Number of protein chains: 2
Amino acid sequence: MPMARESSRAGIADVARLAGVSLSTVSRAMNGNPTVDPALAQRVQAAAAELGYTANPVARSLVLGRTQTVAVVIPDLENPTFQAILRGLSRAATADGYHVLVADSREDLDEEHALARTTRLRTDGVILCAPRMAEQDLAQLLPSLSPAVVINRGPQGTAPTVGADYGAGMRDIVDHLTSLGHRRLVYLAGATRSVTHRARQQAIAAAISRTAGLEVEELTAGVDIDSGTAAADRVLASGATAVIAYNDLVAMGLLSAVTARGIDVPGALSITGFDDIPFAAYTSPPLTTDAVPAVEIGAAAWAAMHAQLTGVAPRSTHTMTPTLVVRGSTAPPSAT
Amino acid sequence: MPMARESSRAGIADVARLAGVSLSTVSRAMNGNPTVDPALAQRVQAAAAELGYTANPVARSLVLGRTQTVAVVIPDLENPTFQAILRGLSRAATADGYHVLVADSREDLDEEHALARTTRLRTDGVILCAPRMAEQDLAQLLPSLSPAVVINRGPQGTAPTVGADYGAGMRDIVDHLTSLGHRRLVYLAGATRSVTHRARQQAIAAAISRTAGLEVEELTAGVDIDSGTAAADRVLASGATAVIAYNDLVAMGLLSAVTARGIDVPGALSITGFDDIPFAAYTSPPLTTDAVPAVEIGAAAWAAMHAQLTGVAPRSTHTMTPTLVVRGSTAPPSAT
DNA sequence: CTGTTAGCGCGTTCAC
DNA sequence: GTGAACGCGCTAACAG
């Protein structure tokens with residue numbers, strides 16, 4: 001006994017029946033195949049419209065071998081920089097008719113690995129934002145992800161890379177501080193196992209060997225506001241006249257904590273951030289920082305993915321140069 | 001002439017061959033079907049492990065009729081509140097083994113509609129965050145989305161709703177301001193077609209009829225920092241002693257602009273925000289605002305979706321109460 | 001130009 | 001307890 005027709009979506013067979021044609025003709029008409037008689041195509045389109053028919057994307061994905069979806073693996077959805085990358089990526093992908101699957105690895109290295117692999121199975125490629133993953137793990141993971149795009153890491157053999165030049169940014173920051181007259185600095189390190197941390201370290205080392213009398217003490221903090229707050233006492237005890245925070249969040253936490261202790265910024269202490277998150281301009285004083293074009297990085301990452309998806313060779317590495325943004329949190333050291 | 005075996009992923013047939021069993025047995029063993037001989041199951045697992053086999057999720061989706069993925073439609077990925085909702089949702093969904101597709105409608109009403117429908121086709125349900133969509137459009141859209149969850153809107157007939165009580169929050173804010181002695185307020189309205197705007201308006205109206213001598217002028221602004229900045233002159237011209245900004249972003253823009261004009265906040269003007277975004281505590285002065293538990297809303301939205309997905313009846317409406325957070329941007333009016 | 005046939009990779013009835 | 005056959009909904013070869 002036939003079941004009553006379910007009220008579920010119309011399938012290609014329903015359209016074929018209504019239009020009085022075969023399944024293939026419906027398929028062809030719906031996909032704009034030019035070998036279909038215009039009159040028939042019209043009839044099919046009309047029938048499809050009447051039934052509200054749209055081809056089932058899952059079935060198409062199975063037969064076509066592509067899902068029109070890419071995965072983005074991100075270490076922390078709470079970080080404004082990753083949010084901006086996601087935003088730029090999402091909008092660019094949408095413009096090209098692709099969907100975006102987000103996966104927040106919550107800074108968990110194992111999770112990162114697993115998420116990348118599992119999401120890859122239901123997508124056409126993955127954009128991997130994994131700053132702390134060991135280079136070796138990454139190299140081993142990437143082939144199974146292909147096509148992939150790597151964000152904010154050095155050149156990879158198997159996947160294009162998009163990112164900012166953190167070394168150049170750090171150089172600008174140090175130069176800015178030294179040209180103001182600072183000689184005793186603190187670098188508040190964040191993710192010490194990250195690639196961008198090492199780029200910063202190298203830039204600092206280069207600046208030291210270039211600038212007479214420059215001393216930079218490295219203190220370990222973290223990557224968020226709280227870690228900046230927590231570092232305040234150590235920073236003040238260091239005797240430095242300026243501090244280079246790992247990023248804007250750390251800088252904000254530090255700024256807030258030292259201000260609460262009655263320290264004048266930038267009068268008694270200069271502070272710099274990194275990234276130029278949207279709120280960096282609204283602290284008090286507004287933060288001097290280095291602007292990383294995160295939205296553009298996201299868009300470029302999509303471009304690199306889209307190129308691979310369409311069989312075009314992407315740029316193997318796309319590096320954007322951040323820009324120093326001098327605001328109110330830096331000034332010459334007080335003449336003690 | 002047979003093609004050389006492609007280096008693509010192992011399929012269920014490869015596992016069956018290696019284990020010396022049929023396709024069905026592999027399928028059953030991989031899905032933990034208890035009717036499989038333990039010894040065989042072992043062999044299959046071993047073969048699968050050796051080949052690195054994982055069932056193709058797309059094929060499973062087609063046959064099972066579920067994708068283990070949900071879509072989240074959001075008006076603006078740049079807004080910290082939506083980011084927090086997404087974060088809470090994403091983490092909760094991941095914990096239950098689901099994936100999340102994000103769609104940024106960029107405040108475009110047509111796009112919102114289209115995105116919801118198309119993403120629904122490749123997912124098992126959609127969480128819709130569409131504060132400005134007309135009630136009628138929504139009612140018409142929802143059935144085709146089922147199962148769906150609606151965020152920050154009044155009760156819907158066909159889908160559970162999760163959100164915050166913006167009216168209660170606004171009441172707290174107005175009461176806070178009046179108890180400080182303010183009588184001439186400005187409400188800087190944002191998305192005037194949004195549901196939460198109307199809830200705020202009603203709360204304000206109620207406060208006016210309850211509080212002797214209270215006047216509230218409504219000015220139209222927007223929902224972002226720039227619109228707060230742009231409203232500064234109008235706010236100052238109004239003669240109000242306190243302003244209720246639509247959200248924290250507007251409040252921050254306004255705060256920044258009036259401070260730049262030499263106005264003392266809260267001495268000469270009190271300002272309140274709404275949402276309590278992560279940076280509200282770091283403005284100068286820190287923002288008095290009403291904390292909307294956005295991450296929890298995201299988690300609750302997932303819970304409502306998960307319930308529907310597992311055949312459990314979800315709470316038809318889940319309303320969270322925001323909390324007033326008094327910080328430094330409000331004070332008694334100056335005794336002019 | 002159109003219809004018929006054969007899969008895409010898997011889960012799941014049905015017989016054995 | 002296990003295998004063979006069918007079908008999820010669609011597209012792409014192949015005939016006609």
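Chain naming here is simple, since letters A, B, ... match the order of the sequence lines and numbering starts at 1 in each. All values reported here derive from a predicted model rather than from experimental measurement.
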Would you mind building the protein contact string for nucleotides 9-16 of chain C? One character per nucleotide, 5' to 3', B for base within reach (heavy atoms under 4.0 Å), S for sugar-phosphate only, - for untouched. BSBBB---
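Between H306(A) and Y98(A), the ring-plane angle classifies as perpendicular under the 30° and 60° cut-offs.
A distance of 5.0 Å separates CZ in R9(B) from CG in L121(A), rounded to the nearest 0.5 Å. Rounding to the nearest 0.5 Å places CZ of R153(B) at 4.5 Å from CD of E135(B). A distance of 12.5 Å separates OG1 of T81(A) from CG of L86(A), quoted to the nearest 0.5 Å. Rounded to the nearest 0.5 angstrom, M320(B) CE and N152(B) CG are separated by 10.0 Å.
Residue contacts for V58(A): at a heavy-atom cut-off of 4.0 Å it reaches no nucleic acid atom on any strand shown.
Atom CZ of R17(A) and atom C1' of dG3(C) are 16 Å apart (whole Å).
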